Amino acid sequence: MHLAYPAVLAALLFSVGVYGVLARRNAVLVLMSVELMLNAVNLNLVAFDAWLRDALHAGQALTLFTITIAAAEIGLGLAIVLLVFRTRGTPDIDRLTALGDRVAERQNSADDSVDASKGQAVS
Amino acid sequence: MNLPGSGLAKGLAVTLRTMTKKTVTAQYPEVQPHLPPRSRGVIGLLEENCTVCMLCARECPDWCIYIDSHKETLPAVDPNARARTRNVLDRFAIDFSLCMYCGICIEVCPFDALFWSPEFEYAETDILELTHERDKLREWMWTVPAPPALDPGAEEPKEIAAARKAADKLAAAAGGDPA
Amino acid sequence: MNILAAAGSLAPATRGFLSPTGAEIVFVLVGLAVLGAAVISVGTRQLVHAALWLVVALGGLAIEFLLLTAEFVAWVQVLIYLGSVVVLVLFGLMLTKAPIGRSPDADSGNRWVALLVALAAAGTLVTLVVDAFRTSWIDLGAGGGSASVTGASLFRNWVLPFEALSVLLLAALIGAIVLSRSRQAAAPKPRAGRLRTGKPVGAAPAAKSPAAQSPSSERES
Amino acid sequence: MNLLDTLLRCVAALVVFLTFPLIIGQTEHKVMAHMQGRLGPMYAGGFHGWAQLVADGVKFAQKEDIVPAGADRRIFQLAPAVSLLPYLFVLLVVPVGPHGFVGQAVDAGIFFVLAVMGVGVIGKLMAGWASANKFSLLGGLRTAAQLMSYELPMVLAAASAAMAAGTLSLTGIVEAFHWWWLPWQAIGAFVFFTAGLAELQRPPFDMPVADSEIIFGAYTEYTGLRFAFFLLSEYAGILVVCALTTVLFLGGWHGPLPDSLGWLWTILKTFALAFVVIWLRVTYPRLREDQLMRFAWTVLVPLALVQLALTGIIKVAISQ
């Protein structure tokens, strides 16, 4: 098999993941896009492992590590998202600007004042 | 004695034991159920006894008894007497789709015209058919069992006592004459 | 380097792209499905559909791993990703906000910028990758990814990272528990009076000046 | 020839998949009835109601296929298939007898089985979410939480069996079986079977379909054939979990009869376990949701870890 096929697929998948991370607003969807990117990396690792066939089997071992880390990441990430949702009432990362600039926050709260003020007043 | 999980094991043992025992399911359509005396299956009408007093219809809690009647004038037996009127039953129907089998009609009937019958297999596909008319109610009378026997040493029923007294008196009169 | 020597396939290709093998055809077809599912997954506005398309994409990737003879990795992919990660994601979506139908706020305003970045990244990466590995050929010998081989390498050569990872997992477990424990004592219940602090109901947008809004929100946050 | 052979095996697995769950279902009808002092179905088919489930199937097929107006149509319709198909795939790799009496031998069989069974959760989540019914959603979420937490002890217990045999292949595990594995792996067998029971949402772990609180959980809105698929997936799940417990912990085809009758042993053991599943259902009341979670995390997971340690110690001891 040509190495180009998995490599190109991995590159495209990674780009799709990049788009998802940048374009999505819902925190869970962003996490999903991160998973896509991780999987693109996995595909690359497996493909290069099959190509190089080194004695250490580095590609597959690292893939297993990546999958494990992805599981840990999604568990922690979802815990954080749920916590944020519970305190702020929204999973929307564009509105989580508590640590942002005053000016930015003012603009933001002027944009969609109802939800922002509600979410923050509850906290 | 009280090992952890012994309760769980006991539960399992109970179900297993029940499984090996004979079941208590009544195989109804094949095997007729054994009904206790005075089972309330259906109400039979002995229309010869009915005087159209309307007590049953009035006492019925859900008004499922329909009675129609008319008066008839009987010619006087004696030319000096007045002509008698009496009620003649035209329709007697019980709507068993309404009846709740309380048995009040049977209790209140002063002339013993209504009886419990243990027959219960009269389901219909049309609810209108559950209104049993007079003939059908009369038919149910054939299924009414004999009244249960009295307790040993019980007082004689009044009507029998009266009849026996009359018979005794007659017998005494018949026996006294020759004497 | 012995690694490259072992691979030994940087030599000019004798195999063209125009006569694909069966495995390659299957790989490309599944790859198209994976890519399509991934695109729909990041593009759709129905949140739960996005997660379900992610299932398709990840399952397709498991098939790709199988085609690359990484059998064990493929089953791990199915077990962890399809069995746990996606279920967790669905769980998270359903516990937050997952209405049936489209959610208008799935995408943020900088969608087009994101698209631009993604396209640029895709273009760069694909050009680069194609240029670099145009001639490389994978010899798909069987058994390279079986459980015994993977397990042997994992527990002979990668024991320390493996143990470190287990510590990481433990940390993640504890972290998730700490994060998701309900803090009823800490979080004050919303008081009715506070929620209704001078909100101009039905006023014109001009009236919703920052001055009217921010006192409460800034203090609280 | 090879293709024909594969095809034949697949068809055989399909036939088993379609008939054995029905047998288990009928057994459940009768056993449950007798344990409750009843007789169970007696009419369909004549002799002791043997065709009751066929009649049920005909009834399901005749019913109207209703999709609620507010539901997510496609996902709603897809969900039963997603929850049913994994069990079919699992059945394909379960070894029945020696000498390749198996649908399709997979090298990492135990891994494949656990991985594919995990996918079935998604179908139930899909069903719960797409029904546009809060009880369904609750049921779906409960299902997901339950299956996630019981998958861990299940995998750990299965890992213990794989460790003892030194292979991940199901056939290999059965081949390596000795009678003294029974006491050795007893804890693992208990954990695996219990966790499997919980994965199937069978009583006493049927919180996700607790009819007295959330109607029928994720399946509330389903009618007709789709509902039947969910039921079939439950009974196919019983078959699969019992078969797996047999293969992993009870020695599969090993028995006093010659090897050529090994398949009989596998089937016998499987059905004995299926009987236990039914028995447990009749005997025990439903656990509460928090009891369910506590049981998984504070009883089953530590037990599975203990079993793993035990397996490791003895394995090292006998290999020296």
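Throughout, a chain's letter reflects where its sequence line sits, starting with A, and its residues are numbered from 1. Small disclaimer: the values here were computed from a predicted structure and weren't measured.
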Enquirer: Looking at every heavy atom in both A/A7 and C/V129, which two are closest together, and how far apart are they?
Expert: CB-CG1, 3.1 Å
Enquirer: Looking at every non-hydrogen atom in both residues, tell me the closest pair between A/L76 and C/A176 and how far apart they are.
Expert: CD2-N, 3.5 Å
Enquirer: Hey, what do you get for OG (C/S153) to CG (A/L64), rounding to the nearest 0.5 Å?
Expert: 8.0 Å
Enquirer: Taking side chain as C-beta onward, heavy atoms only, is A/I69 less than 4.5 Å from C/L169?
Expert: no
Enquirer: Heavy atoms only, distances under 4.5 angstrom: which of C/V76, C/V28, C/L88, C/V34 has the most pairs with chain A? Name it, please.
Expert: C/L88
Enquirer: Tell me the closest heavy-atom pair linking A/N42 and C/F65, and the distance in Å.
Expert: CB-CZ, 3.8 Å
Enquirer: In terms of heavy-atom proximity below 4.5 Å to chain A, should C/L61 be classed as side chain, backbone, both, or neither?
Expert: side chain
Enquirer: For chain A, which candidate among C/L125, C/V130, C/L32 shows the most heavy-atom pairs at distances under 4.5 Å?
Expert: C/L125
Enquirer: How about CZ on A/F65, more than 12 heavy atoms from neighbouring residues, nucleotides or ligands closer than 6.0 Å, or not?
Expert: yes
Enquirer: Run the side-chain contact (heavy atoms from CB on, under 4.5 Å) test on A/L22 and C/L115 for me, step by step, so that the C-alpha distance in whole Å, both residues' side-chain angles and the decisive distance to 0.1 Å come before the verdict.
Expert: CA-CA 8 Å; A/L22 293 179; C/L115 189 63; over 6 Å; no
Enquirer: Let me have the donor-acceptor pairs involving side chains of residues 30-40 of chain A, under 3.5 Å, with sequence neighbours excluded, atom names and distances please.
Expert:
| residue | atom | partner | partner atom | Å |
| --- | --- | --- | --- | --- |
| A/S33 | OG | A/L29 | O | 3.1 |
| A/E35 | OE1 | C/Y81 | OH | 3.3 |
| A/N39 | OD1 | C/Q77 | NE2 | 2.9 |
| A/N39 | ND2 | A/E35 | O | 3.1 |

Enquirer: Under a 4.5 Å cutoff for heavy-atom pairs, which residue among A/G59, A/G77, A/A58 has the most contacts with chain C?
Expert: A/A58
Enquirer: For A/A71 versus C/I80, what's the shortest heavy-atom pair and its separation?
Expert: CB-CG2, 3.8 Å
Enquirer: What part of C/T124 lies closer than 4.5 angstrom to a heavy atom of chain A: side chain, backbone, both or neither?
Expert: neither
Enquirer: Using heavy-atom distances under 4.5 Å, tell me whether C/L128 contacts chain A through its side chain, its backbone, both, or neither.
Expert: neither
Enquirer: Show your working on side-chain contact (heavy atoms from CB on, under 4.5 Å) between A/V28 and C/L47 and close with a plain yes or no.
Expert: CA-CA 9 Å; A/V28 185; C/L47 304 182; over 6 Å; no
Enquirer: At a 4.5 Å cut-off on heavy atoms, which part of C/A171 comes close to chain A: side chain, backbone, both, or neither?
Expert: neither
Enquirer: Check each atom of A/T68 against the heavy atoms of chain C and say whether the ones under 4.5 Å are side chain, backbone, both or neither.
Expert: both
Enquirer: When only pairs under 4.5 Å are counted, which of A/V18, A/V8, A/L43 shares the most heavy-atom pairs with chain C?
Expert: A/L43
Enquirer: Which pair of non-hydrogen atoms, one from C/G92 and one from A/L82, has the smallest distance, and what is that distance?
Expert: O-CD2, 4.4 Å
Enquirer: So which heavy atom on C/L35 is nearest to which on A/L9, and how close?
Expert: CD1-CD1, 4.1 Å
